[in-house]
2 protein chains.
Amino acid sequence: MALKTDFNDKQIQILEVAETLFAEKGFDGTSIRNISKVAKINIAMISYYFGSKERLLESLIVYRTSDLKYQLDNLLQEDLEPIEKINKLIELYINRINSNRGIYRILHFEFTSKKREQNLQAFSELKKGNLKSLESIIEEGQKKGVFRKDVIIPLITPTILGTFFHFHMNKPFFENLLNLKTEDLYNNYIKTNLTKHIQQTIKALLIYES
Amino acid sequence: MALKTDFNDKQIQILEVAETLFAEKGFDGTSIRNISKVAKINIAMISYYFGSKERLLESLIVYRTSDLKYQLDNLLQEDLEPIEKINKLIELYINRINSNRGIYRILHFEFTSKKREQNLQAFSELKKGNLKSLESIIEEGQKKGVFRKDVIIPLITPTILGTFFHFHMNKPFFENLLNLKTEDLYNNYIKTNLTKHIQQTIKALLIYES
DNA sequence: GTTTAAGTTAAACACTTGTTTAATTTTGTT
DNA sequence: AACAAAATTAAACAAGTGTTTAACTTAAAC
């Protein structure tokens, strides 16, 4: 069975249950019986539709990461000051990852070990594209003389995304520390304070002269 | 069997094999038969010494994270400018995590989900202590008037550690992108460029006035 | 040297794993 | 209504899971 990019209703139902469970308990921590029980389908349907558990994961990645590039390209062509573009890019990243936590958690967890390196190709292309977009914004700012020139551009993405992920992966700790008792409060903190912190950090890094 | 803090040679042998395998393939992806085979001991020895696979993980955390607090306290009492203390703290963090990648990868991966929240207590105390240390350095700098006052201190740790983790978890990607063909080149890049990037970022954040 | 405890072993336990089979039901087409 | 393709099912498969057992060996204590 070849890797498809369009899925029927039942397949989508399976994919979304798998997304939740993989994100919650990891790929190895989730059994196909577990998935089929929650999705209320027979175990055999997963092999029938996707071929195997591994292929189910691959399909899930395809299903969720296909339109990010489009959103980024749109941002690039907007008529904004470089720093405003950076701020918008950060907002786009955080918003997108935050409302697709499941899949990004899975990407973060499952696609780092050598074990699944074969499936890593498409993911790697996505990251390269994202980096190119960031590069073009920063180089524009450097030409205009508003950004310093001694920053290491490929390390800026780790700072943006890493800050978010580290915050989110220590969710129970920060919920407790910052008194974010409800899911709404937590989400709101991300959308305002955390996003602002990251924007403030990157802005300082790009503009400050020591 | 109570949770011990001192281990005999055979236990340490098991713990270190477990560390490697958990880091490589995750907790669920590693079987006790796998561990016992690599450690060249009988399967039953793991239950005999640690009680269960879960308790083995707990023991591993205890075994590896017991002396970080001591190192931090030492740094606090050194006679340095606040910004120098911050730089040293960043260096300490990165160095320590980088030379204990296994356990930190495990902490990062296994202790985030609700699933193992019970074992999270000791880890949470460690993080609170670390935050207190960072807070005291920054407040010192603010009193001296060299650090701005509108930074959100608890979000600085995510930026420091998150940047490192995100970089390291995308190791294959950055090895390729930055031409870090050998393990030595990779480690060297972390010790110099990545550490400098993080120091530069945090410095800019703490000092830059918009 | 005997007794007690600690260490070590292979085998068995009950249970879960991902995948496949073959039979049955549903759906769509003529 | 008859046929073929697709969807769905329960059951079986072999292999792997964490843990426990009971027998055995080694080491320590008296």
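Order of the sequence lines fixes the chain letters, A, B, ..., with proteins taken first and strands second; residue numbering starts at 1 for each chain.
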Legend entry - Distance test, side-chain N/O of A:Lys10 to OP1/OP2 of D:dA6, below 4.0 Å: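 Checking A:Lys10 against D:dA6: no side-chain N or O falls below 4.0 Å of OP1 or OP2.
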
What's the [atom1]-[atom2] distance between [X] and [N], to the nearest Å?
X: B:Met45; N: D:dT19; atom1: CE; atom2: P; answer: 15 Å
X: B:Arg55; N: D:dG18; atom1: CZ; atom2: P; answer: 17 Å
X: B:Lys40; N: C:dT8; atom1: NZ; atom2: P; answer: 15 Å

Legend entry - Distance-only donor-acceptor check, side chains B:Thr157 and A:His166, under 3.5 Å: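 Distance-only check fails for B:Thr157 and A:His166.
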
Under the rule for side-chain contact (heavy atoms from CB on, under 4.5 Å), what residues qualify as partners of [X], not counting sequence neighbours?
X: A:Lys69; value: A:Asp73
X: B:Thr20; value: B:Glu24
X: A:Asp79; value: none

Legend entry - Ring-face cation of B:Lys171 near B:Tyr186 (centre distance under 6.0 Å, axis angle within 45°):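 Pair B:Lys171/B:Tyr186 counts as cation-pi.
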
Inset, instruction - Return one dot-bracket line describing DNA chain C 5' to 3' (Watson-Crick or G-U wobble pairs, both distances under 3.5 Å; ( ) same strand, [ ] crossing, | another strand, . none). - result: |||||||||||||||||||||||||||.|.

Legend entry - Sequence-aligned protein contact record of nucleotides 16-28 of chain C, with B where the base is within under 4.0 Å of a protein heavy atom and S where only the sugar-phosphate is: -BBBBB-------

Inset, instruction - With sequence neighbours excluded, give me every side-chain hydrogen bond (donor to acceptor under 3.5 Å, both in side chains) pair touching residues 86-97 of chain A. - result: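 For residues 86-97 of chain A, and leaving out neighbouring residues, the side-chain hydrogen bond (donor to acceptor under 3.5 Å, both in side chains) pairs sorted by first residue read A:Asp67-A:Arg96, A:Gln71-A:Arg96, A:Glu78-A:Lys88, A:Arg96-A:Tyr104.
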
Inset, instruction - Could you tell me whether A:Glu19 and A:Arg105 have a side-chain N and a carboxylate O separated by less than 4.0 Å? - result: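 No, A:Glu19 and A:Arg105 are not salt-bridged.
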
